[in-house]
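Worksheet for the structure shown next.
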Amino acid sequence: MKKRLEIALESLEGFRNPKIELEQYVTPANLAGFILTNADLFGDLKTVIDLGCGTGILAIGSAILGAYAIGVEIDRDALSIGRFNAEKLGVSVDFIACDVRDFKLKKRATVIMNPPFGIQRRHADRPFLEKAFEIANVIYSIHSAESEFFVRKRAGENGFNVTHVWKFMIPLKRTYSFHEKAFKYIPVEVFRIERDDRVPRR
Ligand code: SAH
């Protein structure tokens, strides 16, 4: 299942002209597959919100595994690729063009996201975490290495607990001309964060 999911996600289109100020990188298909199959095993794939969904890999993968998925993205060019990608794999995802700060949700859901790492603009991941704490019961989020202290602290302050931390090296393709090698490996941390007062699932 995981392999088939990864192969499907591998076939998706990425950003055509990635916008540097928005830190547009596609999550590698194998990492997306890892996160989504884990989320599935935890029973977290019911309603999924992908904040900063870019070209849609996390939202589309969630939909393939049976979730109702919403992708929220500020860049309309990325969203149109996301729509194309969902159609290509024959799944339905609701794509919404807005800033994550302005996104509203009535009933709490699972947030799965790969926010900007805040390399171009410091702390660019903060509005993403804040929105996730507002709308989620469970959060899966990808951050640059050495984020654990900060993420645990923010989680605690918002009534959440970090239940899992997974550390990986991910290859980043050379998307921007100032990168020298074809790709380089960067260390990342993936968190599963759960609301403390969560009503137990039945
Ligand atoms: N989730 C995608 C893209 C990750 S890159 C993937 O995993 O492949 C981060 C994305 O966040 C980019 O597509 C960028 O355009 C988007 N983004 C950055 N700031 C945003 C904001 N304030 N509101 C909504 N989307 C934003």
Side-chain angles (χ1 to χ4, degrees), residues 5-6 8-39 45 48-65 67 69-86 88-89 91 93-105 109-136 139-144 147 166 168 170-176 179 183 186 188-192:
L5 176 67
E6 283 173 22
L9 296 180
E10 194 77 62
S11 76
L12 298 180
E13 300 277 325
F15 297 100
R16 234 155 264 151
N17 300 299
K19 294 176 182 132
I20 190 165
E21 69 284 2
L22 292 172
E23 296 192 43
Q24 296 184 323
Y25 286 107
V26 174
T27 302
N30 54 0
L31 178 57
F34 174 89
I35 294 171
L36 296 170
T37 45
N38 271 292
L45 294 186
V48 171
I49 317 299
D50 178 356
L51 295 177
C53 67
T55 51
I57 189 166
L58 297 171
I60 292 168
S62 301
I64 290 174
L65 296 180
I70 301 177
V72 180
E73 170 61 50
I74 200 166
D75 176 26
R76 286 172 189 274
D77 296 337
L79 271 185
S80 70
I81 301 172
R83 289 200 180 91
F84 170 87
N85 281 335
K88 178 172 170 181
L89 293 191
V91 291
V93 169
D94 281 341
F95 287 104
I96 299 175
C98 79
D99 191 307
V100 295
R101 296 176 186 87
D102 302 325
F103 178 70
K104 297 272 181 297
L105 191 70
T110 297
V111 166
I112 303 184
M113 62 182 184
N114 185 4
F117 284 173
I119 294 162
Q120 293 302 324
R121 267 184 304 131
R122 233 168 108 71
H123 308 315
D125 53 345
R126 291 197 180 175
F128 283 74
L129 272 175
E130 268 157 34
K131 181 54 69 173
F133 291 138
E134 180 191 320
I135 65 173
I139 303 164
Y140 291 81
S141 190
I142 307 172
H143 295 264
S144 54
S147 295
W166 293 283
F168 297 103
I170 60 166
L172 281 188
K173 278 211 196 87
R174 174 187 159 136
T175 340
Y176 305 117
H179 292 162
F183 57 83
I186 63 150
V188 297
E189 297 173 350
V190 180
F191 298 91
R192 181 180 181 278

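Counting convention: from 1, in listed order, for ligands and their atoms alike.
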field: Partners passing ring pair (Phe, Tyr, Trp, His ring centres under 6.0 Å) against Phe191 (at least two apart in sequence or in another chain)
entry: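 Partners of Phe191 under the ring pair (Phe, Tyr, Trp, His ring centres under 6.0 Å) test: His143.
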field: Glu23 (side chain) donor-acceptor with Gly118 (main chain) under 3.5 angstrom
entry: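 The answer is yes, because a donor-acceptor pair under 3.5 Å joins these two groups.
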message: Tell me which one of Ile57, Ile64, Leu58 satisfies side-chain contact (heavy atoms from CB on, under 4.5 Å) with Ile60.
response: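 Looking at Ile57, Ile64, Leu58, the match for Ile60 under the side-chain contact (heavy atoms from CB on, under 4.5 Å) is Ile64.
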query: Quick one: which of Ile186, Ile142, Leu31 gives a side-chain contact (heavy atoms from CB on, under 4.5 Å) with Phe168?
result: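 The side-chain contact (heavy atoms from CB on, under 4.5 Å) with Phe168 is passed solely by Leu31 among Ile186, Ile142, Leu31.
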query: Parallel, tilted or perpendicular: which fits the ring planes of Tyr140 and Trp166, with parallel below 30° and perpendicular above 60°?
result: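 If you compare the ring of Tyr140 with that of Trp166, the planes turn out parallel.
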query: Does the pair Tyr25 and Phe117 meet the rule for a ring pair (Phe, Tyr, Trp, His ring centres under 6.0 Å), with working shown?
result: CA-CA 10 Å; Tyr25 286 107; Phe117 284 173; 7.4 Å; no
query: Can you list, by chain and residue number, every protein residue with a non-hydrogen atom closer than 4.0 Å to ligand 1?
result: Phe15, Leu22, Glu23, Gln24, Tyr25, Val26, Thr27, Asp50, Gly52, Cys53, Gly54, Ile57, Leu58, Glu73, Ile74, Cys98, Asp99, Val100, Arg101, Asn114, Pro116, Phe128
